[in-house]
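Everything below concerns the one structure shown next.
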Number of protein chains: 2
Amino acid sequence: MRIADASTGGAPSEFTTRARLRDAAIQCFAAEGFGASVRTIAARAGVSAGLIRHHFGSKDALRAECDAAVLERHRSLKTEGLVAPANAMAQLAESDEHGATLVYILRSVQDGSAAGTAFIERLIDDAVVYSEEAVAAGILRPSADPVGRARLLVTNSVGGLIVLLSMHPEISLTDFKTVLAKTFEQIALPSLELYTYGVFADSSYLDQYLLYIGDPPGSRV
Amino acid sequence: MRIADASTGGAPSEFTTRARLRDAAIQCFAAEGFGASVRTIAARAGVSAGLIRHHFGSKDALRAECDAAVLERHRSLKTEGLVAPANAMAQLAESDEHGATLVYILRSVQDGSAAGTAFIERLIDDAVVYSEEAVAAGILRPSADPVGRARLLVTNSVGGLIVLLSMHPEISLTDFKTVLAKTFEQIALPSLELYTYGVFADSSYLDQYLLYIGDPPGSRV
DNA sequence: ACGGCGGCTATACACGTGAGTAGTATCCGA
DNA sequence: TCGGATACTACTCACGTGTATAGCCGCCGT
């Protein structure tokens with residue numbers, strides 16, 4: 001037990017074999033989803049399947065470590081100031097390693113795992129903070145339901161990305177970056193339009209709804 | 001072969017055993033995802049696993065028939081005029097049977113299957129048509145990229161729904177309707193706000209991008 | 001030089017899956 | 001009444017999976 005820790009002395013995520021296996025797993029999970037077998041991961045890392053069990057004990061434990069690594073990678077990216085409020089995702093697609101990270105995160109969300117939920121909630125929390133700042137700075141319009149808006153923006157963006165990527169099952173291990181770039185290029189203009197002007201020509205739908213929730217008819221519970 | 005067809009004489013989707021099994025499969029797939037085993041489906045229908053193979057030949061064939069049935073169900077709903085442009089999804093959540101249909105569709109999209117892709121593309125095509133009409137009627141703002149906007153709106157809405165539902169794994173076979181209603185209630189106000197006013201306080205981001213694609217710097221390939 | 005130990009593999013096991021086969025019961029027409 | 005087809009079940013098989021164990025090889029401290 002405690003193999004890598006004991007040898008390197010504290011930092012478990014170095015260039016140890018354990019980290020190599022973990023990164024191979026991240027790439028496989030990103031490429032094929034979490035159905036990727038332990039043997040596939042082992043093959044990609046050029047080792048035998050038993051070694052993974054030797055290091056991690058179980059597939060679930062391996063995945064938990066992948067989750068932690070990816071979450072941590074995203075957190076460090078954020079503290080580096082790379083992740084801007086609006087185009088948070090686009091930044092991640094730049095490098096190929098980060099591309100795999102992004103796809104892994106999307107797969108986690110898609111899969112409904114705890115890591116995916118955690119990630120979404122973190123994004124929402126971030127968005128709430130960014131939104132407050134941006135509203136104060138006059139960049140964003142104020143909202144009647146700021147956290148609801150943040151939630152909507154995040155879930156829609158991430159979900160839209162998931163749908164778009166689901167429609168391209170040919171994300172062979174190599175071109176995460178390419179397919180992500182294409183996708184972003186596809187949605188950039190409509191997104192900016194939507195975020196700038198909305199889609200409705202006037203505010204009648206919103207006004208109706210505001211009236212409706214102000215004095216709701218008894219038909220609903 | 002051709003059991004139901006030969007007996008009922010033309011319409012394969014009646015109250016035949018075959019249709020019963022298919023509907024049980026749709027509910028199981030909606031509840032558990034497509035990993036639901038043939039035995040589970042059989043148990044739900046109150047029959048043995050072998051019978052499913054007897055009727056459909058394979059699990060894939062069964063799923064194909066479920067896909068077709070769901071797609072057809074949605075198409076008939078559309079021709080009934082029930083599906084309005086804006087709140088297309090909300091309608092489906094009303095009845096419980098349609099709730100299962102909706103969730104099945106979402107699962108198909110999430111899963112990246114051909115049926116899911118087909119469904120998304122159909123929704124986009126519909127949205128393009130509706131948008132044209134709505135723009136002509138002065139309800140929607142015109143767009144510089146109408147089909148891009150339709151694509152964005154559809155993928156974001158459906159994807160957002162998928163994400164939101166993924167975060168509630170407790171969709172026990174019974175309360176499709178409840179969880180869908182809660183979800184819609186949660187996003188209604190922010191959605192209307194977004195679609196009415198957007199989120200940006202001014203058009204500077206959009207203007208920048210329009211300039212950018214008008215004369216792109218050479219840094220990109 | 002050598003002895004122990006950690007990295008690593010080969011092999012096997014239990015389990016759940018989809019698929020296949022054989023056989024039984026039930027109904028319908030001649 | 002009977003014969004055949006059809007709905008249905010019980011049982012079996014092959015396969016891929018995650019998990020588990022036993023053992024080999026090379027490095028490193030003494």
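Proteins come first, then strands; the chains are lettered A, B, ... in the order of their sequence lines, and each starts at number 1.
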### Task
Please list, chain by chain and in numerical order, all residues satisfying side chain to side chain donor-acceptor pair (under 3.5 Å) with A/Ser143, sequence neighbours excluded.
B/Glu193
### Query
With sequence neighbours excluded, what pairs up with B/Ala127 under the side-chain contact (heavy atoms from CB on, under 4.5 Å) test?
B/Ala150, B/Val154
### Partner set under side-chain contact (heavy atoms from CB on, under 4.5 Å) for A/Val129, not counting sequence neighbours
A/Glu133
### Message
Whole angstroms only, please: what is the CD1-C1' distance between B/Ile41 and D/dC8?
### Response
17 Å
Run the side-chain donor-acceptor check on residues 182-189 of chain A: report pairs under 3.5 Å with partners two or more places apart or on a different chain.
unit_1: A/Thr183; atom_1: OG1; unit_2: A/Val179; atom_2: O; d: 2.8

I'd like a list of close polar pairs between nucleotides 20-28 of chain D and the protein, N/O only, cut-off under 3.5 Å.
unit_1: D/dA20; atom_1: OP2; unit_2: A/Arg53; atom_2: NH1; d: 2.6

#### Entry: Pairwise 5' ranking along DNA chain C for A/Arg39 and A/Gly46, keeping only the more 5' one
A/Gly46
## Note on the structure
Winner on side-chain proximity to B/His54, out of D/dT19, C/dA19, D/dC8, is D/dC8
### Task
Please report, rounded to the nearest Å, how far the C1' atom of D/dA7 is from the CZ atom of B/Arg18.
13 Å
### Task
Ignoring hydrogens and angles, tell me if any N or O in the side chain of B/Arg122 forms a donor-acceptor pair with the backbone of B/Leu71 under 3.5 Å.
yes
### Query
Please give, in whole Å, the distance from D/dA10 P to B/Leu51 CG?
11 Å
#### Entry: Counterpart residues, side chain to side chain donor-acceptor pair (under 3.5 Å), relative to B/Thr117 (two or more places apart)
none
### Task
Find the bend of the helix from C/dA1-D/dT30 to C/dA30-D/dT1 as the angle between its two terminal axes (five pairs each), to the nearest 10°.
10°
## Note on the structure
Applying side chain to side chain donor-acceptor pair (under 3.5 Å) to B/Ser58 and not counting sequence neighbours gives none
Dump every N/O contact between nucleotides 14-16 of chain C and the protein below 3.5 Å, one line per pair.
none

## Note on the structure
The side-chain contact (heavy atoms from CB on, under 4.5 Å) partners of B/Ala64 (sequence neighbours excluded) come to none
### Task
Give the ring-plane orientation class for B/Phe200 versus A/Tyr195, where under 30° counts as parallel, over 60° as perpendicular and anything between as tilted.
perpendicular
### Task
Please collect all salt bridge (Lys or Arg N to Asp or Glu O under 4.0 Å) contacts where either partner lies in residues 54-69 of chain A, sequence neighbours excluded, each pair once.
A/Arg18-A/Glu65, A/Arg63-A/Asp111
#### Entry: Residue mapping more 5' on DNA chain D - nearest nucleotide basis, B/Ser48 or A/Val38
B/Ser48
### Task
Check side chain to side chain donor-acceptor pair (under 3.5 Å) between A/Ser48 and all other residues, then give those that pass, not counting sequence neighbours.
none
